[in-house]
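One structure is given below, encoded as structure tokens.
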Amino acid sequence: MNAVLIALLVLPLLGAALTLAPVFGPDRAVADRRALRLNSVVTGAVFLVSVALAAGFDHGSPARMQATTDVSWIPALHVRFHLGVDGVSLPLIVLTALLTFLCALYSEKRLPGGEARDAAPDEHRPSGQAFVGLFLLLEVGMLATFAVLDLLLFFLAFEIVLIPMYFLIARWGSGAKTPAANRFILYTLLGSAVMLLGFLLIGSKAGTFDMQALAAAHGHGLSHTTQVIAALAIMVGLAVKAPGWPLHSWLPDAHTAAPTVGSVLLAGVLLKMGTYGLVRVLLPVVPDGTATLAPYLGAFAAVGIVYGSLACLALARPGSKGDLKRLIAYSSVGHMGFVLLGIASLTPVGVNGALFANIAHGLITGLLFFVVGALKDRYGTADLDTLSGATGAALYGRAPRIGALLAFAAVASLGLPGLAGFWGELLAMFGAFDPAAGLSRPAFVTYMVLAGLGTLLTAAYLLIVVKRVCMGDPAQPAPVDRLPDLRPYEAVSWTPLAALTLVAGLWPALLLGLSDPAVKHLLGGG
């Protein structure tokens, strides 16, 4: 199984390297088609390898690190090439492989920027080979982040992701794409630098960067002051990527400017890298420092939940010229606030809820961005006033299948029982209702009440969006012409996300059975 995990990282790396070789032919259009086909083949193979990894995983011992590889890499710095998966990282690896594969299939028929694959060749259009190379390099970084077990390797994997995503936004995005990409890279690089300082402090004091050894020590050998400083630095760095309020302001611009597949991966995977780091590093490695800072993390999470929902309400109201992609980006601030609140509770219930909400958010928001990308392709805009006006969607009548999928994703996102969005938020609030010993219960109950208010506000703005986009503006005459409804490549890309949203909602034990023993292991001393 360790060979399977290594293959998971090597396959996309080889695919990215292959895009640099002159093997696609001199004709630009033909080369782009071949590169996009290569992207689908490689990401499909990676997804199959991730399924094989999940099938070979010992589900009876999800708390044990499996498929491990542990060899010395940089002896002078005590850095090891250490890989492994457990019940916390396995679902995220499979989710990453699935989303990248679906995005590759989508891109094969719909190039970033809304350009069809069979559009006339244009020498000014970005190269499809370059897109595929960056896309596969992005996949390497995302998968490695969830598989490495050394702090410096974690930092390197974290950084690998930034450059490909920067170029995907700046080169293949739309609108104010260059400022949005610059803001993304500056925020995340600054957060990474602060996080690295925390890692170096832990490594210098503990004498190792090995995450398993540090988790087993559970803070022993690190003074309380060292733990607090390290936890603060790591928490700030990871909160930028999460994104946690008030370090979230790069996200709406990045989502609005990014191409559809960039938005799907940014929301579905990149945000999870921050919250995964909080669970994997902070909880077991610096437990005393994390407990000291947990009330503040919970407070920021609760404010973020309400803030994100209010921002979405402001964008959803008529006349505000709200962008639907921007609205979904702000909704991510609120949804990830539930993840941070669950982690801040320091309880198995809350942390399990956070991990479940991670997966649910990836499925649901990925589907939302796919659907909104299709609307933008058809209308040339994601402006809500346009979509609900006389020239707007009224999707139930004009493109009923797309309208049904948008409504399904919206009610899943607002936490309807029976769908994936429900369980994570519920468990996160349960964790806040009865936080770990030593934490202020009145404070966390207050956070829980604010989170409950956030769920009501979330339902309000999502139902407004569904009403306006799917039914149209009642003050305007209803459009009578039909739109291209769900295309075959869209159905192939979106159906797995809708199906898994339903499966996770009806069978939450599928994920909780994996994460619960691993979470208790990490909280109890790794």
message = Let me confirm one number: the OH-OG1 distance from Y166 to T188, rounded to the nearest 0.5 Å.
response = 11.0 Å
task = Take L270 and M273 through the side-chain contact (heavy atoms from CB on, under 4.5 Å) test and state the conclusion after the steps.
result = CA-CA 5 Å; L270 266 68; M273 292 164 56; 4.2 Å; yes
note = Sorted by chain and residue number, the ring-ring contact (aromatic ring centres under 6.0 Å, His included) partners of F369 (sequence neighbours excluded) come out as H255
message = Does any part of the side chain of L340, heavy atoms only, come nearer than 4.5 Å to the side chain of L278, both counted from C-beta?
response = yes
task = Return the minimal non-hydrogen interatomic distance between A230 and V286, and the atom names on each side.
result = CB-CG1, 4.4 Å
query = Within the side chain of E139, is there an N or O that forms a donor-acceptor pair under 3.5 Å with the backbone of T100?
reply = no
request  = Using distance alone, with no hydrogens and no angle criterion, decide if T365 and H335 have a side-chain donor and acceptor under 3.5 Å apart.
outcome  = no
task = Mind listing the closest non-hydrogen atom pair of L83 and V148 along with its distance?
result = CD2-CG1, 3.8 Å
request  = Supply the atom-to-atom distance L92 CG to L143 CG, rounded to the nearest 0.5 angstrom.
outcome  = 10.5 Å
inquiry  = With heavy-atom distances below 4.5 Å as the criterion, would you say the side chains of L293 and L232 are in contact?
reply    = yes
request  = Return yes if a side-chain donor-acceptor contact under 3.5 Å exists between S345 and Y447, otherwise no.
outcome  = no
query = OG1/T275 to CG/L238 distance, rounded to the nearest 0.5 angstrom?
reply = 9.0 Å
query = How far does NE2 of H521 sit from OG of S515, to the nearest 0.5 angstrom?
reply = 14.5 Å
query = So, for F158 and G274, which heavy atoms are closest and what is the spacing to 0.1 Å?
reply = CE1-N, 4.4 Å
ask   = Do any N or O atoms from the side chain of S50 and from the backbone of F47 form a donor-acceptor pair under 3.5 angstrom?
value = yes
inquiry  = Looking at S89 and D86, would you say the former's side chain and the latter's main chain have a donor-acceptor pair under 3.5 Å?
reply    = yes
query = Centres of the F444 and F433 rings: under 6.0 Å?
reply = no
ask   = Can you say whether the rings of W245 and F300 are parallel (under 30°), tilted (30 to 60°) or perpendicular (over 60°)?
value = tilted
message = Between T290 and L282 (side chain of the first, backbone of the second, donor and acceptor by atom type, cut-off under 3.5 Å), is there such a pair?
response = yes
task = Provide the closest heavy-atom pair for D150 versus L152 in the form atom of the first, atom of the second, distance.
result = OD1-N, 3.0 Å
task = Output the distance between atom CE (M448) and atom CG (L453), rounded to the nearest 0.5 Å.
result = 12.0 Å
task = Could you tell me whether a side-chain N or O of E159 sits under 3.5 Å from a main-chain N or O of G141, the two making a donor and an acceptor?
result = no
task = Count the heavy atoms of every other residue, nucleotide or ligand shown that sit under 6.0 Å from CZ of F167, and state whether that count exceeds 12.
result = no
ask   = Is any side-chain heavy atom of Y276 closer than 4.5 Å to a side-chain heavy atom of V269?
value = no
inquiry  = Under a 3.5 Å distance rule, please check whether R441 uses its side chain to pair with a backbone N or O of D434 as donor and acceptor.
reply    = no
note = Taking every heavy atom of L222 against every heavy atom of A206, the minimum-distance pair comes out as CD2-N, 4.1 Å
query = Given R326, which of T256, D383, L251 fulfils the side-chain contact (heavy atoms from CB on, under 4.5 Å) condition?
reply = T256
ask   = D385 versus R468: any side-chain heavy-atom pair under 4.5 Å?
value = yes
remark   = Scanning both residues in full, the closest heavy-atom pair of A170 with T178 reads O-OG1, 4.5 Å
query = Can you find a pair of side-chain heavy atoms, one from N358 and one from L95, that are under 4.5 Å apart?
reply = no
request  = Answer yes if the ring centres of Y307 and H248 are under 6.0 angstrom apart, and no otherwise.
outcome  = yes
ask   = Between K177 and D253, is a salt bridge (charged side-chain N to carboxylate O under 4.0 Å, His left out) present by the stated rule, with each step listed?
value = CA-CA 8 Å; K177 56 186 180 180; D253 290 340; over 6 Å; no
Donor-acceptor under 3.5 Å (K325 side chain, A258 main chain) = yes
Residue list, ring-ring contact (aromatic ring centres under 6.0 Å, His included) with Y461, at least two apart or on another chain = none
query = Does some side-chain heavy atom of H224 sit less than 4.5 Å from a side-chain heavy atom of T292?
reply = yes
key: Note, T260 side chain near F370 side chain (heavy atom, < 4.5 Å)   = yes
Exam field: side chain T386 to backbone A382, donor-acceptor pair closer than 3.5 Å = no
query = Hey, mind stepping through V161 and L137 against side-chain contact (heavy atoms from CB on, under 4.5 Å) and telling me if it holds?
reply = CA-CA 8 Å; V161 169; L137 184 61; over 6 Å; no
message = I'd like to know whether L427 forms a side-chain contact (heavy atoms from CB on, under 4.5 Å) with V351, so could you lay out the CA-CA distance, the side-chain angles of the two residues, the decisive distance to 0.1 Å, and finally the verdict.
response = CA-CA 8 Å; L427 293 175; V351 177; over 6 Å; no
message = Tell me whether the NZ or CZ atom of R280 lies within the 45° cone about the ring axis of F146 and under 6.0 Å from its centre.
response = no
task = Indicate yes or no for a side-chain donor-acceptor contact from N352 to the backbone of D516 under 3.5 Å, with no hydrogens or angles considered.
result = yes
message = Evaluate F199 against F155 for ring pair (Phe, Tyr, Trp, His ring centres under 6.0 Å), listing each step before the verdict.
response = CA-CA 9 Å; F199 288 170; F155 171 76; 7.2 Å; no
task = For residues H361 and S413, determine if any side-chain heavy atom of one lies less than 4.5 Å from a side-chain heavy atom of the other.
result = no
query = Are any side-chain N or O atoms of S223 and backbone N or O atoms of T226, one a donor and one an acceptor, separated by less than 3.5 Å?
reply = yes
inquiry  = Does M142 form a side-chain contact (heavy atoms from CB on, under 4.5 Å) with K272? I'd like the steps, not just the answer.
reply    = CA-CA 10 Å; M142 293 186 300; K272 314 302 177 287; over 6 Å; no
query = Nearest 0.5 Å, what's the CG-CG distance between L138 and L134?
reply = 8.5 Å
Option among W507, F356, W423 that satisfies the side-chain contact (heavy atoms from CB on, under 4.5 Å) test with L512 = F356
message = side-chain hydrogen bond (donor to acceptor under 3.5 Å, both in side chains) for S249 and Y187? Distances and angles first, verdict last.
response = CA-CA 9 Å; S249 58; Y187 264 75; 2.7 Å; yes
